[in-house]
Amino acid sequence: MSLLSHPSPELDAAPELLPLPRKLTFTPDDWQILARFWFPVATSTEVTEGPLGATLLDVPLVVYRVGGDVVVADDLCPHRGTKLSMGEDQGDGEGIRCPYHGLRFGVAGKCTSIPAHPGGTIPERMHLRTYGAVERYGLVWTCLAAAPGDEPSIPPVPHWDDPGFQQINCPWIDIEAFAGRQLEGFLDVGHFAFVHHETFADPENQVVPEYTPVQTADGFEAEYWSTVSNLPPGTALEVSDDFLWLRHYRLHVPFTGTLVVYFPDGIRLSLMNAASPVSATRTRLFDARCRNFDTDQPLSEVYAFNLQVFNEDRRVVEHQKPENLPLDPKLEVHIPADRSSIAYRRALRAAGLSQFFSA
Ligand code: FES
Ligand SMILES: [Fe+2]
C-alpha cells in the first residue's frame with residue numbers, strides 16, 4: 001500500500017520526512033523520530049567565533065558565534081562541499097570562512113562574501129542550511145527538525161537558577177556506545193556497589209530497595225531511597241551511615257536524564273546526563289549540574305571525580321552486546337531492580353522507536 005494511493009488522516013498529519021544523512025547508522029525510521037528532539041552539541045564555552053565541528057545523529061555540523069548568536073549549520077560549504085569546521089578563526093567577528101575558496105558565512109549562515117567576485121550577486125543557494133539553536137544550562141542545543149527561532153523543547157535541570165546553587169558543566173566525554181545504553185546505565189540503581197565502589201558506593205551495600213517509576217508526559221520519574229551515599233572526596237559534609245538518601249530521577253525521552261540527590265539539611269546535588277547521539281555507536285555525554293554545598297571547592301576536583309565516575313560506567317557500557325538497546329522485553333532478562341530500565345524501554349517504544357533500537 002503506497003502512502004500516495006491510500007492517504008489517511010494520520011498519514012496526512014505525519015511530519016514531513018527530513019533528508020537522511022549520507023552515512024546513516026540508524027534505521028531510517030528511528031532516525032526520523034530522533035531527529036525531532038533537541039540535543040546538546042557543544043558546551044557554551046567551547047563555541048567561539050571560529051568554526052567548531054560537531055556531529056549529531058550522523059549529521060556533521062559546524063557551530064560558531066556571530067552577532068551575539070550561535071549558529072548551527074551543516075558542516076558543508078555549498079560551493080564545493082568543503083568541511084567548514086576545517087577553517088580558521090578569522091578574528092574579526094564577521095563569521096566563518098571556508099578554507100577552500102574563502103567564502104564567508106555570517107549571521108544566520110548567510111553567505112556574505114565570495115572573494116573571487118567582490119561585489120557580485122550572491123546566490124540564495126550559497127547560504128548555509130541552518131538549524132534551531134539555543135544556549136541553556138551551559139550547553140548549546142540544536143534540533144535537526146527545527147528552524148532557527150523555533151521554540152526549543154529542553155528538559156529542565158532542577159535548582160539550576162535557585163539562589164545558593166553553583167552551576168557547573170563537567171567536560172563532556174565520548175563513549176563508544178549507543179546513547180540508549182549509556183542513559184539506561186544512568187538510571188540503573190543496581191550497579192553502584194559493583195561499578196562505583198572506588199568513587200561513591202560501598203561494595204557491601206548491594207541490595208536494591210523497592211521503588212516505583214511513575215509515567216510523565218515525556219518519560220517517567222522515580223524516587224529511590226537507599227543508604228548508598230553520594231559524598232564526593234574532600235567534601236566538608238559529614239553524613240551518618242544510616243542516613244536514607246533520596247535520589248529523584250527523571251527521564252526525558254529519548255536520552256536525557258536528571259537526578260536530584262537529597263543530602264541532609266536541604267543540601268542538594270542536581271545533575272543532568274544529556275547523552276548526545278553522535279551516531280548509533282558513539283555518544284558525546286554532556287553534563288550540567290548544580291549544588292548548594294562545597295561551592296568553594298576547586299572545580300578541577302569536581303571534574304576529576306566526575307570523570308572517574310563516567311569512566312567506571314564507560315568500561316561497562318562500551319562492551320554491552322548487542323550495541324543497541326533491545327526494546328522487545330523478551331530480548332533481555334529483567335530483575336525487580338530494573339524497574340527504571342523497563343520504564344525507559346517502554347517510553348522509547350511509546351515514542352515509536354523500533355523494537356530492536358537502533359541499527
Ligand atoms: S568549497 Fe567552500 S569556498 Fe569553495
Ligand atoms: Fe553508573
Side-chain angles (χ1 to χ4, degrees), residues 50-51 53 60 62 64 71 73-88 90 94-106 109-118 120-123 125-129 170 173 175 177-203 205-206 208 222 224 226 228-232 245 247 249 251 255-259 261 269 271-275 283 285-287 289 305-320 325 337-338 340-341 344:
V62 64
Y64 63 95
V71 177
D74 280 344
D75 193 5
L76 186 88
C77 179
H79 178 224
R80 286 294 178 268
T82 297
K83 207 170 169 53
L84 295 166
S85 60
M86 288 168 51
E88 289 171 4
Q90 300 300 300
E94 301 278 316
I96 58 174
R97 182 188 289 284
C98 177
Y100 200 177
H101 309 99
L103 267 64
R104 298 291 308 258
F105 302 94
K110 299 281 185 216
C111 180
T112 54
S113 141
I114 301 175
H117 306 289
T121 309
I122 296 176
R125 290 176 57 223
M126 204 60 99
H127 303 320
L128 302 183
R129 179 166 177 231
C170 291
I173 66 161
I175 300 171
F178 177 49
R181 285 284 193 192
Q182 190 284 325
L183 204 279
E184 188 173 74
F186 173 77
L187 301 168
D188 185 296
V189 292
H191 75 292
F192 299 150
F194 303 96
V195 174
H196 297 304
H197 53 83
E198 286 182 11
T199 45
F200 63 87
D202 171 1
N205 193 347
Q206 302 172 0
V208 174
Y224 178 65
S226 78
V228 178
S229 78
N230 205 95
L231 287 172
W245 295 76
R247 287 174 170 80
Y249 290 92
L251 176 277
F255 306 132
T256 304
T258 63
L259 166 62
V261 185
L269 168 66
L271 52 97
M272 171 183 271
N273 177 105
T283 299
L285 174 58
F286 289 94
D287 169 273
R289 61 184 59 212
F305 179 71
N306 195 53
L307 181 61
Q308 195 181 347
V309 175
F310 277 173
N311 278 331
E312 289 169 341
D313 288 317
R314 175 162 63 173
R315 256 188 63 242
V316 175
V317 164
E318 287 187 343
H319 294 95
Q320 282 177 282
L325 190 69
D338 298 327
S340 280
S341 149
Y344 177 42

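When a ligand or atom number is given, it counts from 1 through the structure's own listing order.
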Output the list of atoms in ligand 1 that are nearer than 4.0 Å to some heavy atom of [X], sorted by atom number.
X	result
L103	3 (S)
H101	1 (S), 3 (S), 4 (Fe)
R80	1 (S)
T82	1 (S)
C77	1 (S), 2 (Fe), 3 (S)

Is there side-chain contact between F192 and V189, with at least one heavy-atom pair below 4.5 Å?
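Yes, their side chains come closer than 4.5 Å.
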Would V309 and F200 count as a side chain to side chain contact (heavy atoms under 4.5 Å, CB included) if you check the C-alpha gap in whole Å, the side-chain angles of each, and the deciding distance to 0.1 Å?
CA-CA 8 Å; V309 175; F200 63 87; 4.1 Å; yes
Is C98 close enough that one of its N/O/S atoms sits under 2.8 Å from atom 2 (Fe) of ligand 1?
yes
Between H79 and atom 2 (Fe) of ligand 1, is there a contact where an N/O/S atom of the residue lies under 2.8 Å from the metal?
no
Salt bridge or not between R289 and D287? Use side-chain N to carboxylate O under 4.0 Å.
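The answer is yes: the pair qualifies as a salt bridge.
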Below 2.8 Å, can you find an N, O or S atom of D313 next to the Fe ion (ligand 2)?
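So D313 counts as coordinating the Fe ion (ligand 2), yes.
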Between F178 and L325, does the side chain to side chain contact (heavy atoms under 4.5 Å, CB included) criterion hold? Intermediate values first, please.
CA-CA 8 Å; F178 177 49; L325 190 69; 3.9 Å; yes
Could you check, using the six-membered ring where one of them is a Trp, whether Y249 and Y224 have ring centers closer than 6.0 angstrom?
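No, ring centres 6.0 Å or more apart.
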Could you give me the CA-CA distance, side-chain angles and deciding distance for T199 and Q308, then say whether side-chain hydrogen bond (donor to acceptor under 3.5 Å, both in side chains) is met?
CA-CA 7 Å; T199 45; Q308 195 181 347; 5.8 Å; no
